[in-house]
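Below: one structure, written as structure tokens.
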Amino acid sequence: MKNLMRIVLAMLLTLSMVLCFAGCKEEKPTEPETTQVSGEIAAEGFWATATYRKDTTVGEGSKTVKLDVEIDGRSITITLNTDAEKLGDALYGAELINDASFFDTLNGIKLDWNTHKAYWAFYKGDAYMMSGVNEEPISGGEHYRFVYTK
């Protein structure tokens with residue numbers, strides 16, 4: 001009788017372990033469906049409030065910098081012409097950000113940390129920037145990326 005109890009108990013433990021491991025299957029996030037209308041990102045999700053949803057050129061000035069805005073698996077490139085000395089001033093002057101020193105809205109897309117637990121990561125090329133946009137000098141020809149990051 002003791003052996004039968006041990007066997008039943010062992011089978012129950014084995015079954016519960018199998019069920020636990022089956023429930024631990026890693027779910028990979030699915031890429032959101034992207035809707036493109038003649039090269040333009042559809043106004044949905046975070047992009048619903050975007051000022052620009054396709055590659056565009058803004059501003060006037062002798063210096064040109066490229067800005068990639070990347071969110072929800074989609075991106076656009078904004079070419080910014082400016083005479084500003086600092087990137088933050090250039091972005092603010094072109095109304096691409098809501099504050100020259102600390103911003104949460106870029107290209108009309110607001111990332112509220114309390115709501116989204118996300119922020120705009122700032123890169124120069126592929127290098128993550130440890131300084132803010134208000135400290136970044138520009139001379140022209142730079143390529144920056146702003147990436148939705150959780």
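Sequential numbering from 1 along the given sequence is applied to the chain's residues. A quick note: this is a predicted structure, and the numbers were derived from the prediction, not measured.
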Point to revise | Lys/Arg N to Asp/Glu carboxylate O, E40 vs R74, below 4.0 Å | key: no
**Study point:** Exam field: side chain W120 to backbone V69, donor-acceptor pair closer than 3.5 Å
**Key:** no
Review point. Is it true that a side-chain atom of N81 and a backbone atom of G61 form a donor plus acceptor pair closer than 3.5 Å?
Key: no
Check your understanding: Quick check: does any side chain N or O of T49 sit under 3.5 Å from a backbone N or O of G108, one acting as donor and the other as acceptor?
Key -> yes
Review point. Does E135 reach the main-chain N or O of V133 with its side chain, forming a donor-acceptor pair under 3.5 Å?
Key: no
Point to revise | Nearest atoms (heavy-atom pairs only) where E136 meets S131 | key: OE1-OG, 4.1 Å
**Study point:** Gap separating the CD1 atom of I109 from the CG atom of D104, nearest 0.5 angstrom
**Key:** 12.0 Å
Review point. Around K66, counting heavy atoms of other residues, nucleotides and ligands shown, do more than 12 lie under 6.0 Å from its NZ?
Key: no
Review point. Okay, side chain of N98, backbone of T105: is any donor-acceptor separation there less than 3.5 Å?
Key: yes
Study note, to complete from the structure: Of all heavy-atom pairs linking F146 and L106, the shortest is CB-CD2, 3.2 Å
Review point. Looking at E70 and R145, what are the two nearest heavy atoms and their distance?
Key: OE2-NE, 2.8 Å
Review point. Which heavy atom of D83 sits nearest a heavy atom of K63, and at what distance?
Key: O-NZ, 4.0 Å
Check your understanding: What do you reckon, are the aromatic ring centroids of F46 and H116 less than 6.0 Å apart?
Key -> yes
Check your understanding: How about Y123 and Y144: are their ring centres within less than 6.0 Å of each other?
Key -> no
